[in-house]
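All values reported here derive from a predicted model rather than from experimental measurement. In the text below, chain A, chain B and the rest are named by the order of the sequence lines, each starting its count at 1.
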Number of protein chains: 2
Amino acid sequence: MHKIPNIAVIRLALYAKHLEMLHNDGVELVSSVKLAKMCGANPAQIRKDLAYFGQFGVRGVGYYVKDLLGALKEVMGTNRTWRLGLFGVGNLGKALLGFEQFAQRGFVFTAAFDKDLDLVGTTVAGMEISQSEDIKEVIKGPGCFDIAVLATRADRAQDCSLRIVEAGVHAILNFTPVRLVLPDNVFVENVDFTVRLHALCYSLTTGSDVTQRHPR
Amino acid sequence: MHKIPNIAVIRLALYAKHLEMLHNDGVELVSSVKLAKMCGANPAQIRKDLAYFGQFGVRGVGYYVKDLLGALKEVMGTNRTWRLGLFGVGNLGKALLGFEQFAQRGFVFTAAFDKDLDLVGTTVAGMEISQSEDIKEVIKGPGCFDIAVLATRADRAQDCSLRIVEAGVHAILNFTPVRLVLPDNVFVENVDFTVRLHALCYSLTTGSDVTQRHPR
DNA sequence: CAGGGATAGTGAACCTTTTCACAAGACTGG
DNA sequence: CCAGTCTTGTGAAAAGGTTCACTATCCCTG
Ligand SMILES: NC(=O)c1ccc[n+]([C@@H]2O[C@H](COP(=O)([O-])OP(=O)(O)OC[C@H]3O[C@@H](n4cnc5c(N)ncnc54)[C@H](O)[C@@H]3O)[C@@H](O)[C@H]2O)c1
Ligand SMILES: NC(=O)c1ccc[n+]([C@@H]2O[C@H](COP(=O)([O-])OP(=O)(O)OC[C@H]3O[C@@H](n4cnc5c(N)ncnc54)[C@H](O)[C@@H]3O)[C@@H](O)[C@H]2O)c1
């Protein structure tokens with residue numbers, strides 16, 4: 001029994017993305033070598049990553065795209081729709097709400113919250129905006145969601161995340177630059193692209209690539 | 001002479017971010033232990049990362065926030081303003097253009113391009129939008145930029161990135177889900193948050209955290 | 001100016017992750 | 001049905017990264 005490297009799990013999402021593309025293109029069979037080329041990975045790594053979760057290929061043949069995709073979705077829990085709740089309908093929040101491709105990938109916004117009373121009650125991308133304080137009521141109804149997307153102003157992020165957790169939500173995609181301090185049973189993924197911009201600056205300045213072995 | 005781990009470089013940006021906060025709060029001195037707590041890192045790692053680039057601390061005392069920040073900025077090439085050119089002024093592009101905090105961190109949009117002729121000529125967040133085809137002219141004038149931010153529709157991304165490279169730009173922050181195929185001397189950082197959402201799904205489904213040892 | 005308490009810098013040990021290399025199985029054509 | 005070819009699955013080796021533990025250095029107090 002092996003321990004599963006955390007990074008393998010994250011790569012699974014990457015593989016699934018590319019399998020989805022292959023599937024859409026009508027490709028039925030793929031080898032680890034071909035998939036690796038698409039993902040910019042090493043074929044042995046793909047095989048090893050998959051091996052942590054089972055045997056999905058056929059020796060001498062390759063992987064059946066549809067089967068592997070289905071298996072990966074099951075492993076990752078993405079063979080269902082996940083409901084998202086947005087906090088902070090500003091610049092970024094509006095872009096996220098209006099991003100149709102989320103739905104194609106199984107993510108649907110069921111609620112949106114803002115502090116600003118001018119926004120509350122208005123509709124953005126077909127979604128009526130609720131007041132942040134009402135989270136506990138909203139979550140009991142059709143606005144119930146599984147994952148919170150945090151895009152409030154930075155100075156409200158900690159505070160807001162606490163209320164999210166209090167309401168019983170245990171997963172947060174955090175777009176604010178704040179490192180949230182929350183109980184251990186809450187899963188947080190931080191997205192900060194200024195850090196990525198800095199990596200580019202370093203590359204341009206020194207001429208040396210900051211190659212990423214891990215997808216990010 | 002040691003080889004510098006690429007990930008160390010990326011962490012530098014993280015340290016710099018937190019040093020910036022300390023500096024704004026008027027803190028003058030910080031130890032590796034304190035900084036590690038803020039960043040969610042190990043103190044030895046911080047010291048080791050810094051050691052790759054020089055000696056910035058005082059034994060028995062700690063690091064002078066202002067000095068260390070200055071040193072890191074120099075190492076990373078962020079002690080100057082970097083000019084950004086936006087491609088694709090849609091949902092996401094508008095949010096990026098309107099994000100004032102970029103400027104605070106030394107990143108300024110000097111040009112914005114779109115394919116849509118209804119958008120070209122209009123002004124978004126104080127920026128006049130040019131036609132994608134005009135990149136070569138724009139880059140010769142005051143609209144010149146160092147880093148391209150790619151937020152076009154996915155099916156135009158590869159094509160658009162090629163034209164960016166042709167115009168002489170060698171760094172791209174790529175928000176599209178496409179893996180760009182470009183010459184080796186072009187630096188690309190991919191931002192794909194659906195992959196992060198999938199990691200959350202996995203955590204929620206299995207109950208096991210996908211802890212990130214590396215900042216992303 | 002000596003002693004105690006901090007804390008950076010760093011070689012070495014340790015741990016994790018990637019890559020290699022090959023056996024096992026699957027298909028093809030004759 | 002056999003030989004040749006392809007590709008997965010996987011133990012083992014290699015590479016890469018993190019953490020430990022210790023030394024060197026500094027500051028402060030008496
Ligand atoms: N816009 C970008 O491109 C971008 C890029 C990177 C990071 N971010 C981060 O995303 C966050 C939002 O950025 P933005 O540009 O959309 O800012 P914004 O000021 O346009 O929007 C913030 C919104 O959050 C709302 N808000 C504040 N406190 C709230 C609370 N407690 N509950 C619910 N809503 C609340 C505000 O009313 C406002 O509508 C910021 O933390 C920013 O640092 C934004
Ligand atoms: N909106 C989001 O929250 C979000 C999230 C993740 C990823 N993305 C990705 O970012 C990209 C943009 O998303 P969006 O929601 O802003 O889409 P959008 O359709 O609102 O905007 C795309 C814009 O790009 C322009 N465009 C197309 N081809 C171009 C070219 N060759 N040169 C310049 N401009 C061009 C279009 O005219 C349009 O204005 C997409 O690839 C999407 O997958 C968006």
Inset, instruction - Identify, between B/F56 and A/R47, the residue whose nearest nucleotide on DNA chain C lies closer to the 5' end. - result: B/F56
Legend entry - Out of C/dT19, C/dA26, D/dG17, whichever nucleotide has its closest atom nearest the side chain of A/V61: C/dA26
Inset, instruction - To the nearest Å, give me how far apart CG (A/L35) and P (D/dT7) are. - result: 13 Å
Legend entry - A/R11 side-chain N/O to C/dT18 phosphate OP1/OP2 under 4.0 Å: yes
Inset, instruction - Taking only the side-chain nitrogens and oxygens of B/Q55, find out if one of them lies under 4.0 Å from OP1 or OP2 of D/dT25. - result: no
Inset, instruction - Look at the side-chain N and O atoms of B/N42 and state whether any lies under 4.0 Å from the OP1 or OP2 oxygen of D/dC20. - result: yes
Inset, instruction - May I ask you to verify if any side-chain N or O of A/S32 is less than 4.0 angstrom from the OP1 or OP2 atom of D/dT8? - result: yes
Inset, instruction - Measure the distance from CD1 on A/I46 to P on C/dC20 and round it to the nearest whole Å. - result: 14 Å
Inset, instruction - Take B/F53 and B/V9 through the side chain to side chain contact (heavy atoms under 4.5 Å, CB included) test and state the conclusion after the steps. - result: CA-CA 10 Å; B/F53 301 96; B/V9 175; 4.1 Å; yes
Legend entry - Whole-Å gap separating P (D/dT10) and CZ (A/R59): 7 Å
Legend entry - N or O in side chain of A/Y63 less than 4.0 angstrom from D/dC6 OP1/OP2: no
Inset, instruction - Look at all strands and tell whether B/G60 reaches a base, only sugar-phosphate, or nothing, counting heavy atoms closer than 4.0 Å. - result: base
Legend entry - Minimum-distance nucleotide to A/Q45 side chain [options: C/dT18, C/dC20, D/dG17]: C/dT18
